[in-house]
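Read the structure below first, then the notes.
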Amino acid sequence: MLIAKNIEFSYQKDQKFNIPDLTLKEGEQLLILGQSGSGKTTILNILGGLLKPHQGEVFINGTSLYGLSGAALDKFRGNNIGIIFQKPHILAPLTVEENLKLANFFSGKDGRKNENLLSDLGILHKRKAKVNTLSEGEAQRVSIARALANSPKVILADEPTASLDDVNAANVVKLLKEQAEKFNAVLIIVTHDQRVKDHIANQITIGGEA
Ligand SMILES: Nc1ncnc2c1ncn2[C@@H]1O[C@H](COP(=O)(O)OP(=O)(O)OP(=O)(O)O)[C@@H](O)[C@H]1O
């Protein structure tokens, strides 16, 4: 389902990240741990089709991500990959449901499942609320809902618990796991938050630049 092979990437000369080969089958979950600056966001962006590696390939369901480009890559990403960014990428002046509809629009999906998703995430009652009126934890759940709005087969989450208290952090990981299990999706969480360790057994630690 998701394969990353021989990936090499650097932002500048004399810099090289150790990016491990990965093979994850449908429904498998992986936690990538590493200190701040070790390259977690970089790896996630490479796996998510947002940052082209200098070498190597990422395959999702047999499609080589970086064999696609431009509109074809955007469409593939919209249909297959849901990314929860470190800082919520949601449009604050829009309502919760408008944010989800926008995600549906970009990948040509009908959004029939949006209400179920918001209900699963405990924010259905906030669907008419503007995102800039929500608490941080609620906004985080909206960004999860938006990432999952198109039932992606790969869910990538970048530090999803960083700004949350213990209870909300545990809830967010639980929600991500539940949603991934529901859709039999691959789930990869990158974090330096040690609290997440107890929730996902399959773990690797990355050590930063070589
Ligand atoms: N666009 C960029 N141009 C140049 N260097 C960058 C760029 N983005 C990140 N870096 C550098 O690459 C390294 C890894 O960054 P990255 O954001 O992947 O780390 P991280 O493990 O996600 O960190 P954190 O946990 O603090 O978010 C850092 O040293 C960072 O300064």
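Keep in mind that the numbers below use all heavy atoms, side chains included, and drop hydrogens, waters and symmetry copies. Remember, it's 1-based here, ligands and their atoms both numbered in the order they're listed.
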Considering the heavy atoms of E159, write down every atom of ligand 1 situated less than 4.0 Å from one of them. 25 (O)

Checking the side chain of Y66 only, and the main-chain atoms of G56 only, is there a donor and an acceptor separated by less than 3.5 Å? no

Counting from 1 in the order shown, the ligand 1 atoms closer than 4.0 Å to a non-hydrogen atom of Q86 are 27 (O)

Taking only heavy atoms of Q15, which atoms of ligand 1 are found under 4.0 Å from at least one of them? 12 (O)

Show me the donor-acceptor pairs within less than 3.5 Å that the side chains of residues 199-206 make with the rest of the protein, sequence neighbours left out.
{"residue": "N202", "atom": "ND2", "partner": "Q29", "partner atom": "O", "Å": "2.9"}
{"residue": "Q203", "atom": "NE2", "partner": "K197", "partner atom": "O", "Å": "2.7"}
{"residue": "Q203", "atom": "NE2", "partner": "I200", "partner atom": "O", "Å": "2.9"}

Which atom pairs, one a donor and one an acceptor, fall under 3.5 Å between side chains of residues 121-133 and the rest of the protein, sequence neighbours left out?
{"residue": "R127", "atom": "NH1", "partner": "L124", "partner atom": "O", "Å": "3.0"}
{"residue": "K128", "atom": "NZ", "partner": "E97", "partner atom": "OE2", "Å": "2.6"}
{"residue": "T133", "atom": "OG1", "partner": "K130", "partner atom": "O", "Å": "2.6"}

Mind checking whether G34 has a heavy atom under 4.0 Å from ligand 1? no

Under 4.0 Å to a heavy atom of G39 - the qualifying atoms of ligand 1, by number: 14 (C), 16 (P), 18 (O), 19 (O), 20 (P), 21 (O)

For ligand 1, which atoms, with element, lie under 4.0 Å from some heavy atom of F17? 12 (O), 13 (C), 14 (C)

Heavy-atom proximity to atom 22 (O) of ligand 1, best of L51, T41, D158, N45: T41

Do you see a donor-acceptor pair shorter than 3.5 Å between the side chains of S38 and Q35? no

With a 3.5 Å cut-off and no angle check, do the side chains of K113 and S151 form a donor-acceptor pair? yes

Any donor-acceptor pair under 3.5 Å linking the side-chain atoms of D110 with those of N104? no

Counting heavy atoms only, which part of Q35 comes closer than 4.0 Å to ligand 1: side chain, backbone, both or neither? backbone

